[in-house]
Amino acid sequence: MTRNYVYTTGLVAFVAATAMTFAAIFIPDWVTYAVDSPSGGHYTKTIGLHRSCSSTSNTCIHFPQKEDCHGNDRYFCSMWRSVGFLMSFAAVLELATIVAFVIIIGGGKQKRETGWKVLGFMLMLVGIVQCAGMAIVAYLFDNDDRFFVGWKLDKSWILCTVSWCIAVVSAALLSLSAFVFPSEGGYELIPSERYGH
């Protein structure tokens with residue numbers, strides 16, 4: 001039987017994971033290229049799910065651009081946009097999961113006794129969706145010609161990784177607690193009801 005403090009702890013951890021997901025979506029820092037010039041300057045280019053930023057112009061532009069989506073680059077463009085969709089879908093699932101946490105925590109003993117199944121499923125779903133997005137970016141990083149030596153996976157990719165790990169570990173611990181912890185204290189059955197008399 002999962003107790004109230006287990007759900008509350010899970011909720012706090014999951015709210016942190018959700019914040020990481022939103023940061024990963026909005027911070028354009030999934031892949032970064034940084035190089036020092038011989039004259040002492042420093043050039044940085046960062047790519048996010050929807051924007052690309054360059055230190056030479058100190059501006060950000062929409063990414064991927066139309067020229068990124070022609071010919072052989074159509075594959076990259078489709079995959080990158082798929083990551084954007086997966087991360088947005090994961091964010092919606094995370095918000096729904098937070099609502100489910102709140103309903104189960106405030107819903108009384110009966111909801112807490114059975115709610116772990118719903119939350120475990122939702123947490124695993126969030127983890128799978130985010131892991132898929134993270135894996136696609138890692139695959140493109142390793143296999144696409146635009147990412148040559150000097151590029152690296154950066155902050156947003158790490159935030160996504162930590163976020164889905166928290167979701168999966170929370171699902172596992174929530175499910176485990178349902179079997180490890182004894183039932184919450186509360187009303188006991190009348191002895192005649194307990195033995196079927």
Write down the atom of [X], the atom of [Y], and the distance for their closest heavy-atom approach.
X    : Y    : result
A17  : I166 : CB-CG2, 3.8 Å
F22  : A91  : CZ-CB, 3.8 Å
L159 : A23  : CD1-CB, 3.8 Å
L93  : M122 : O-CE, 4.4 Å
L49  : I25  : CD1-CA, 4.1 Å
V149 : Y33  : O-CE1, 3.8 Å

With a 4.5 Å cut-off on side-chain heavy-atom distances among I, L, V, M, F, W and Y, is there a chain of contacts connecting [X] to [Y]?
X    : Y    : result
L123 : V99  : no
L125 : L11  : yes
V12  : V126 : no
M124 : F121 : yes
M79  : L153 : yes

Strictly distance-based, threshold 3.5 Å: is any side-chain N or O of [X] a donor or acceptor partner for the main-chain N or O of [Y]?
X    : Y    : result
D144 : L140 : no
T44  : S55  : no
R112 : I105 : yes
T46  : P28  : yes
W30  : A24  : yes
W164 : V129 : no

How long is the gap from [atom1] on [X] to [atom2] on [Y], to the nearest 0.5 Å?
X    : Y    : atom1 : atom2 : value
K155 : C160 : NZ    : SG    : 15.5 Å
M134 : W157 : CE    : CH2   : 5.5 Å
T18  : L95  : OG1   : CG    : 6.5 Å
F76  : C69  : CZ    : SG    : 8.5 Å
C60  : I47  : SG    : CD1   : 11.5 Å
T59  : R51  : OG1   : CZ    : 11.0 Å

Assess, by modelled atom type and distance only, whether the side chains of D29 and T32 contain a donor and an acceptor separated by less than 3.5 Å. yes
Stepwise, does the side chain to side chain contact (heavy atoms under 4.5 Å, CB included) test hold for K111 with I103? CA-CA 8 Å; K111 278 202 171 52; I103 289 170; 4.0 Å; yes
Count the heavy atoms belonging to other residues, nucleotides or ligands that lie under 6.0 Å from [atom1] of [X], then report whether that count exceeds 12.
X    : atom1 : value
F141 : CZ    : yes
E67  : CD    : yes
R74  : CZ    : no
Y43  : OH    : yes

Can T97 and L119 be said to form a side chain to side chain contact (heavy atoms under 4.5 Å, CB included), step by step? CA-CA 7 Å; T97 304; L119 281 177; 4.0 Å; yes
Would H70 and C77 count as a side chain to side chain contact (heavy atoms under 4.5 Å, CB included) if you check the C-alpha gap in whole Å, the side-chain angles of each, and the deciding distance to 0.1 Å? CA-CA 9 Å; H70 292 292; C77 188; over 6 Å; no
Compare all side-chain heavy atoms of K45 with those of C53 and state whether any distance is below 4.5 angstrom. no
Please tell me if the side chains of S52 and H62 come closer than 4.5 Å, counting only heavy atoms from C-beta onward. no
Audit row: T21, M87, side chain to side chain contact (heavy atoms under 4.5 Å, CB included) steps and yes/no: CA-CA 7 Å; T21 300; M87 290 301 292; 3.9 Å; yes
Could you tell me how the ring of F101 sits relative to the ring of F14: parallel (under 30°), tilted (30 to 60°) or perpendicular (over 60°)? tilted
Do the ring planes of W151 and F147 sit parallel (below 30°), tilted (30 to 60°) or perpendicular (above 60°)? perpendicular
Test of ring centre spacing under 6.0 Å for W116 and F179: yes
